[in-house]
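Order of appearance sets the numbers: ligands from 1, and atoms from 1 within every ligand.
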Amino acid sequence: MRRAACALIDLSALRHNLEKARAAAPRSRVLAVIKADAYGHGAVAAARALTGADGLAVAHLGEALALREAGIRAPVLVLQGLRGAAQLAQAAAHGLDVAVHHEAQLKALESAPAPIRVWLKVDSGMHRLGFTPRELPEVYRRLRAGGGVPVLMTHLACADDRADPSTARQLARFEQAVGKLDGESSIANSAGLLGFPDTHRDWVRPGIMLYGASPFVGGSGEREGLRPVMTLSAPLIAIRHLRAGDAVGYGGTYVCPEDMPVGVVAIGYADGYPRHAPSGTPVRMAGGRAALLGRVSMDLITVDLRGIRRPRLGDDVVLWGPGLPVEEVATRSGSIAYELLCNAGRHCHREYR
Ligand SMILES: *Cc1c(COP(=O)(O)O)cnc(C)c1O
């Protein structure tokens, strides 16, 4: 019997999804976003599999340095940019691209000894990171004075809803802001890439779609032609025959309506399975789909085995993967696929295929 919960990572699915991104934005170069340990899939393994990408993006310098240490030579963009002059020297030494979204970063760059490729972040309406359209001309002038031509970049706040009008507004604001400035540009995350062709530009920056999940609210990766990369599974470690009226798990929130078989699976929130998955959330077993019963514990869940033919100890129970979309589990749990993948990948043993 396998020891515990396992996240099986299918690298051919990852490459397939990269090709889907390329096909959807054929005139753009692809910066594959592998921040947060490639959304839980393992950043170094993902980087090695994604040799077809034109570059990679991570959130912090530490993630970029780990890629370089592992021998990854591809262009790497640090999306949050840097904090302080020491980081700038490291980024330059390792040939990293950096985002610049704040006056403090700009100042540090102006006194940097070595040239470094800059992605200039414009706030087109998300109001998180970036210079305002009003600040942009002066910031751009200062960067050009340093010699390089920055890539002009912005980020979309509401593209996960194809009907949301704020994406068009962000696009218009970005266009107006960068209008006459020289340089490549980049707008689209996965949702922009799949839902808003006007946002494609020189570089697209897909993240979640590479891992096979849809970026859209209520969406399905499969419907977008994507393949799930992670299969999260754990062994069935007990089969109980409970009686009508027996309450299951912490708080006794599920009460058996009849005499019934209940399975115990060796995974819980400590392994990254969502704590708020309610009774009824599906799992997949050899015999079919079964439903979660009662509360998710730290390292165990209980499932309804009434519909499962001949369940056996040690059977593999799939929490998400092919045939059981992570989006479905996320929606039921009041979360998003991004969070579930990051958490499971961080806490479970990973295997690669
Ligand atoms: C995370 C991130 C992306 C990728 O977003 P997805 O929704 O996962 O495609 C793109 N650009 C920036 C700046 C990001 O932070």
Side-chain angles (χ1 to χ4, degrees), residues 14 17-18 20-22 24-25 28-41 43 46-47 50 53-61 63-64 75-82 96-102 105 118-131 150-162 164 167 170-171 174 184-197 199-221 224 226 228-230 326-327 330 335-343 345:
L14 187 65
N17 298 335
L18 174 63
K20 284 283 163 193
R22 276 209 181 288
S28 306
R29 273 165 290 162
V30 178
L31 197 67
V33 180
I34 59 166
K35 64 190 178 190
D37 207 15
Y39 296 43
H41 296 69
L50 293 170
D54 301 290
L56 306 167
V58 295
H60 326 103
L61 178 64
E63 298 174 270
V76 177
L77 168 62
V78 181
L79 290 165
Q80 291 182 9
L82 305 177
L96 302 173
D97 291 16
V98 301
V100 172
H101 60 76
H102 198 277
Q105 294 175 326
V118 168
W119 296 56
L120 176 52
K121 185 85 171 258
V122 181
D123 178 9
S124 59
M126 186 168 185
H127 300 129
R128 202 178 55 176
L129 295 181
F131 294 96
V151 180
L152 298 152
M153 166 170 68
T154 195
H155 195 46
L156 299 172
C158 304
D160 59 341
D161 176 357
R162 294 182 202 247
D164 194 310
T167 299
Q170 280 198 268
L171 197 55
F174 180 72
E184 296 178 342
S185 61
S186 176
I187 303 174
N189 52 7
S190 298
L193 198 165
L194 292 171
F196 299 88
T199 65
H200 288 175
R201 308 306 159 101
D202 299 290
W203 290 88
V204 291
R205 308 188 307 271
I208 192 73
M209 70 175 291
L210 297 177
Y211 309 102
S214 167
F216 300 113
V217 177
S220 140
E224 306 289 346
L226 305 171
V229 178
M230 181 189 294
V326 63
E327 295 96 315
S335 184
I336 51 177
Y338 299 74
E339 185 185 26
L340 269 53
L341 294 172
C342 286
N343 284 343

| query | Does Tyr211 have its ring centroid less than 6.0 Å away from the ring centroid of His41? | reply | yes
Between the side chains of [X] and [Y], is a donor N or O closer than 3.5 angstrom to an acceptor N or O?
X: Ser28; Y: Arg201; value: no
X: His102; Y: Gln105; value: no
X: Arg205; Y: His155; value: yes

| Between the main-chain N or O of Gly221 and the side-chain N or O of Ser214, is there a donor-acceptor pair closer than 3.5 Å? | no
| request: Name all residues meeting the salt bridge (charged side-chain N to carboxylate O under 4.0 Å, His left out) criterion together with Glu224; count only those two or more places apart in sequence or in a different chain, and write none if there are none. | output: Arg162
Please tabulate, line by line, the atom pairs linking an N/O of ligand 1 to a protein N/O at a distance below 3.5 Å, with the distance in Å to 0.1, or answer 'none'.
from: ligand 1; atom 1: 7 (O); to: Tyr338; atom 2: OH; distance (Å): 2.7
from: ligand 1; atom 1: 8 (O); to: Tyr39; atom 2: OH; distance (Å): 2.5
from: ligand 1; atom 1: 8 (O); to: Ile208; atom 2: N; distance (Å): 2.8
from: ligand 1; atom 1: 9 (O); to: Ser190; atom 2: N; distance (Å): 2.8
from: ligand 1; atom 1: 9 (O); to: Ser190; atom 2: OG; distance (Å): 2.5
from: ligand 1; atom 1: 9 (O); to: Gly207; atom 2: N; distance (Å): 2.9
from: ligand 1; atom 1: 11 (N); to: Arg205; atom 2: NE; distance (Å): 2.9
from: ligand 1; atom 1: 11 (N); to: Arg205; atom 2: NH2; distance (Å): 3.4
from: ligand 1; atom 1: 15 (O); to: Lys35; atom 2: NZ; distance (Å): 2.7

